[in-house]
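Since the structure comes first, as structure tokens, the remarks are kept for the end.
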Amino acid sequence: MNETALAAREALWICLQIGGPLLLLLLAIGLVIAVLQALTQVNEATLAFLPKVVVLAGALLLLGPFFIGVLRGYAGGLFQAVVDVGLKG
């Protein structure tokens, strides 16, 4: 594979590492809320929205250091690749 394909693959992997846990968590919360709304027959939009916002905020607080570490490593690799290309040319 060439460098462009490897960079795109790594970027997609970073997106999956950062977005995946949050999306799965929100999917699970949405499913639980939908089941509770179906059982109680209470269909209120704020009952579906507010718990997701609270869970998302908590997840970002807990997973924030992990996300920062992943992005820092990715950015460092990109900057090192730029330096390596500059040294070759």
Side-chain angles (χ1 to χ4, degrees):
M1 282 190 185
N2 60 11
E3 289 84 14
T4 306
L6 288 175
R9 181 179 175 194
E10 188 176 355
L12 288 175
W13 176 244
I14 297 299
C15 289
L16 186 63
Q17 282 182 322
I18 290 176
L22 296 177
L23 289 175
L24 288 176
L25 185 62
L26 290 179
L27 176 71
I29 295 297
L31 183 63
V32 168
I33 291 171
V35 168
L36 287 175
Q37 283 184 338
L39 289 175
T40 61
Q41 295 181 353
V42 175
N43 291 326
E44 181 66 32
T46 57
L47 291 178
F49 180 72
L50 290 178
K52 289 180 187 178
V53 171
V54 170
V55 169
L56 179 63
L60 285 174
L61 285 174
L62 291 176
L63 295 173
F66 168 72
F67 294 157
I68 290 172
V70 168
L71 288 174
R72 181 180 291 166
Y74 180 66
L78 283 179
F79 291 142
Q80 187 60 42
V82 169
V83 170
D84 291 343
V85 167
L87 292 177
K88 287 181 185 177

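In this chain, numbering begins with 1 at the start of the sequence shown. Computation of the quantities below employed the complete heavy-atom set of this structure, encompassing side-chain atoms and omitting hydrogens, waters and symmetry-equivalent molecules.
A single hydrophobic cluster is seen to contain both Leu26 and Leu60, as judged by linkage of ILVMFWY side chains at heavy-atom distances under 4.5 Å, directly or through other members. Note: the hydrophobic cluster containing Ile33 does not contain Leu27 (ILVMFWY, side chain heavy atoms under 4.5 Å, direct or indirect links). Placement of Leu78 and Val70 within a single hydrophobic cluster is found when ILVMFWY residues are connected by side-chain heavy-atom separations under 4.5 Å, directly or transitively.
Put simply, CG on Leu25 and NZ on Lys52 are 11.0 Å apart, with the number rounded to the nearest 0.5 Å. In this structure, Leu63 CG and Leu56 CG are separated by 10.0 Å, a value rounded to the nearest 0.5 Å. Here OG1 of Thr40 is found 8.0 Å from CG of Leu47. Values are rounded to the nearest 0.5 Å. With values rounded to the nearest 0.5 angstrom, Phe67 atom CZ is found 10.0 Å from Leu62 atom CG. Atom CG of Leu71 sits about 9.5 Å away from atom CZ of Phe66, to the nearest 0.5 Å.
For the residue pair Ala7 and Tyr74, the shortest heavy atom distance occurs at O-OH, 4.0 Å. Nearest heavy-atom pair, Glu44 versus Gln37, reported as atom, atom and distance to 0.1 Å: O-NE2, 3.0 Å.
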